[in-house]
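Down below is the structure, laid out as structure tokens.
Remember, it's 1-based here, ligands and their atoms both numbered in the order they're listed.
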Amino acid sequence: MKRVVIVGGGYAGTLIAKELDAEADVVLVDPRDAFVNASSSMRAMVRAEWSAAPFFRYDTLLRRGRVVRDLAVSADPHGIMTARQGRLDADYLVLATGASHAYPARPRSIQTSVDDAIADLRDTGAELARSPRVLILGAGPVGLELAGEIRDAWPDKQITVVAPSTALLPGFLPEVRDELRRQLDALSIDLRLGATLVTDPPTDPGTAGVFTATTTNGDAITADIWFRSYGSNLQTGYLADGKLVTLTAGGAVPVDAHLSVPGHSHVFAVGDIADLPDAKMATHAQTQAATVVENIRAGLRGRPSHASYEPASAERIFLTLGPHHGVGQLPTPDGGATPAPLQTVIDRKGADLFTHRFGQRFDVRTR
Ligand SMILES: Cc1cc2nc3c(=O)[nH]c(=O)nc-3n(C[C@H](O)[C@H](O)[C@H](O)COP(=O)(O)OP(=O)(O)OC[C@H]3O[C@@H](n4cnc5c(N)ncnc54)[C@H](O)[C@@H]3O)c2cc1C
């Protein structure tokens with residue numbers, strides 16, 4: 001049986017591993033003990049009863065294949081080296097190592113166990129609960145979703161969002177952006193755009209302690225806790241030795257139309273690390289994963305692998321502000337986009353933040 005080694009058990013990697021489990025010797029490599037559904041991280045921190053929701057332990061994902069809890073430290077056309085177990089040869093290799101984000105968007109480290117990650121979220125949630133004034137740095141979807149979750153749980157907290165961008169959701173339809181602004185105003189979320197802090201607050205992020213921070217616009221903001229909700233780093237350091245591929249200047253992995261690494265038709269890169277025009281989103285990572293599955297499956301069955309990936313033609317998003325608010329934009333068949341009704345945003349994301357969907361992937365009950 002051919003061996004398929006998948007590096008990274010995130011949105012793309014777990015989907016590919018599960019799809020190919022029945023017809024290949026699948027080995028999924030990840031230093032974590034569980035898949036993290038980042039979409040529910042913010043609610044998991046804000047609401048103690050949600051603290052375990054983002055995590056799906058790998059041991060229920062595969063029937064035949066295995067999950068190796070280890071960190072890839074190098075890759076070449078024939079396999080990978082891992083930190084603990086050493087060499088792992090592969091007939092097909094899939095690179096799906098995603099990006100890191102500041103806690104609580106993701107657990108504190110790639111090595112954090114599920115139990116510690118849940119404990120961290122509960123501790124931070126307790127710090128937040130006793131902080132009447134919250135400062136969030138970053139007005140992208142992550143920062144705004146955090147603001148919305150906090151507002152839903154605590155109608156009276158003061159919530160201020162500071163970000164250097166001058167517009168919300170640039171590149172999205174004007175009516176979606178206007179509606180987002182309207183909802184944030186209605187939820188009394190105080191947006192200070194076009195500014196950053198002159199210096200970071202003296203306290204650690206997510207730790208209660210009163211401070212006054214000054215913005216580059218000269219505003220003084222007094223708050224009791226703050227969160228960093230911006231920035232991400234592609235997790236491709238294990239490819240930096242160039243034994244498999246030359247990374248782009250931004251650290252991404254070049255791919256051809258079949259999502260293969262150039263020159264290696266049996267090595268694929270997918271998700272956030274792939275050098276594609278798609279936004280860095282789980283929805284695109286999983287669509288890309290389907291192309292990789294098709295191509296590896298064809299190879300396993302002795303057929304040529306021809307499936308090509310078409311990057312998304314229009315921006316799409318569900319941006320939720322707690323379970324009852326949010327905006328959405330969906331693609332239309334003609335290649336354009338249309339606003340999603342609020343009820344669609346709630347039904348497809350806001351209500352359960354995709355928990356049920358991943359419960360199905362991991363064969364666990366979530367309702
Ligand atoms: C708070 C938050 C909310 C989000 N909400 C949404 C949303 O609602 N909808 C949406 O479409 N997108 C959302 N995103 C974006 C989405 O999470 C990413 O686009 C998605 O995770 C990318 O999937 P991936 O499979 O490429 O990588 P990931 O899901 O990040 O998985 C990468 C995996 O690789 C592992 N790994 C890393 N390095 C190594 C190594 N050297 N060796 C072995 N394993 C390694 C990691 O441990 C991880 O498990 C959100 C992101 C954040 C931070």
> Which protein non-hydrogen atom lies closest to atom 25 (O) of ligand 1, naming both residue and atom, and how far is it?
Replying inline: Ala12 N, 2.9 Å
> Picking from Thr283, Val327, Leu330, what satisfies side chain to side chain contact (heavy atoms under 4.5 Å, CB included) with Phe318?
Replying inline: Leu330
> When you measure from atom 10 (C) of ligand 1 to every protein heavy atom, which one gives the shortest distance, and what is it?
Replying inline: Ala282 N, 3.3 Å
>> Checking the N or O distance criterion of under 3.5 Å, is ligand 1 in contact with Glu145?
In response: no
>> Heavy atoms only, cut-off 4.0 Å: how does Ala72 contact ligand 1, side chain, backbone, both, or neither?
In response: both
> How about Ser131 and Asp224: does a side-chain donor come under 3.5 Å of a side-chain acceptor?
Replying inline: no
>> Taking the side chain as everything from C-beta on, heavy atoms only, tell me whether Arg361 gets closer than 4.5 Å to Leu15.
In response: yes
>> Are any of the N/O atoms on Gly271, whether in the backbone or the side chain, positioned under 3.5 angstrom from an N/O atom of ligand 1?
In response: no
>> Looking at non-hydrogen atoms alone, which of Ala38, Pro107, Ser109, Gly8 comes nearest to atom 2 (C) of ligand 1?
In response: Ala38
>> Tell me the nearest of Thr97, Asp272, Leu146, Val142 to atom 32 (C) of ligand 1, using heavy-atom distances.
In response: Thr97
>> Out of all atoms in ligand 1, which are within 4.0 Å of some heavy atom of Tyr11? Include the element for each.
In response: 17 (O), 20 (C), 21 (O), 23 (O), 25 (O), 29 (O)
> Hey, does Ile225 have a side-chain heavy atom less than 4.5 Å from the side chain of Leu135?
Replying inline: no
>> Any nitrogen or oxygen of Lys349, side chain or backbone, less than 3.5 Å from one on ligand 1?
In response: yes
> Numbering the atoms of ligand 1 from 1, which are under 4.0 Å from a heavy atom of Arg32?
Replying inline: 46 (C), 47 (O), 48 (C), 49 (O)
> Rounded to the nearest 0.5 Å, what separation is found between the CZ atom of Phe358 and the OH atom of Tyr11?
Replying inline: 5.0 Å
>> Tell me the nearest of Ile110, Val270, Ile6 to atom 38 (N) of ligand 1, using heavy-atom distances.
In response: Ile110
>> Distance under 4.0 Å to a non-hydrogen atom of Gly98: what atoms of ligand 1 satisfy this?
In response: 26 (O), 27 (O), 30 (O), 32 (C)
> Under 3.5 Å, is there a donor-acceptor pair linking the side chains of Asp334 and Thr332?
Replying inline: yes
>> The test is ring-ring contact (aromatic ring centres under 6.0 Å, His included); show your working for Phe35 and Tyr58 and say whether it passes.
In response: CA-CA 7 Å; Phe35 164 75; Tyr58 288 127; 7.5 Å; no
>> Just to confirm my output: which protein heavy-atom neighbour is closest to atom 28 (P) of ligand 1, and how far is it?
In response: Gly10 CA, 3.8 Å
>> Take a 6.0 Å sphere around CD of Gln360 and say whether it holds more than 12 heavy atoms from other residues, nucleotides or ligands.
In response: yes
> With atoms numbered from 1 as shown, which atoms in ligand 1 lie under 4.0 angstrom from a non-hydrogen atom of Val7?
Replying inline: 42 (N), 43 (C)
> In terms of atom number and element, which parts of ligand 1 are under 4.0 angstrom from non-hydrogen atoms of Pro31?
Replying inline: 43 (C), 44 (N), 45 (C)
>> Can you list everything that forms a side chain to side chain donor-acceptor pair (under 3.5 Å) with Gln158? Sequence neighbours excluded, please.
In response: none
> Got a sec: does the NZ of Lys2 have more than 12 other heavy atoms crowding it under 6.0 Å?
Replying inline: no
>> Any heavy-atom pair between the side chains of Thr291 and Phe268 that's under 4.5 Å?
In response: no
> Within 45 degrees of the axis of the six-membered ring of Tyr103 and under 6.0 Å from its centre: does Arg108 put its NZ or CZ there?
Replying inline: yes
> Among protein heavy atoms, which lies nearest atom 48 (C) of ligand 1, and at what distance?
Replying inline: Asp30 OD2, 3.3 Å
>> Heavy atoms only: which of Leu28, Asp278, Leu71, Leu319 lies closest to atom 40 (C) of ligand 1?
In response: Leu71
> Between Lys280 and ligand 1, does any nitrogen or oxygen pair lie at a separation below 3.5 Å?
Replying inline: yes
>> Under the rule for side-chain contact (heavy atoms from CB on, under 4.5 Å), what residues qualify as partners of Thr166, not counting sequence neighbours?
In response: none
> Do Ala285 and ligand 1 have an N or O pair less than 3.5 Å apart?
Replying inline: no
>> Using a 4.0 Å cutoff against the non-hydrogen atoms of Tyr58, which atoms of ligand 1 qualify?
In response: 49 (O)
>> Can you check atom 14 (N) of ligand 1: any protein non-hydrogen atom closer than 4.0 Å?
In response: no
> Among protein heavy atoms, which lies nearest atom 9 (N) of ligand 1, and at what distance?
Replying inline: Ser39 OG, 4.1 Å
> Out of His101, Arg106, Gln111, whose heavy atom sits nearest atom 17 (O) of ligand 1?
Replying inline: Arg106
> Which atoms of ligand 1 have any heavy atom of Phe354 under 4.0 Å away?
Replying inline: 8 (O)
> Taking Leu61 as the fixed residue, which of Val364, Asp21, Leu28, Asp363 is the one that meets the side chain to side chain contact (heavy atoms under 4.5 Å, CB included) rule?
Replying inline: Leu28
> Which atoms of ligand 1 sit under 4.0 Å from any heavy atom of Tyr238?
Replying inline: 41 (N)
> Can Tyr92 and Asn295 be said to form a side chain to side chain donor-acceptor pair (under 3.5 Å), step by step?
Replying inline: CA-CA 10 Å; Tyr92 293 90; Asn295 281 328; over 6 Å; no
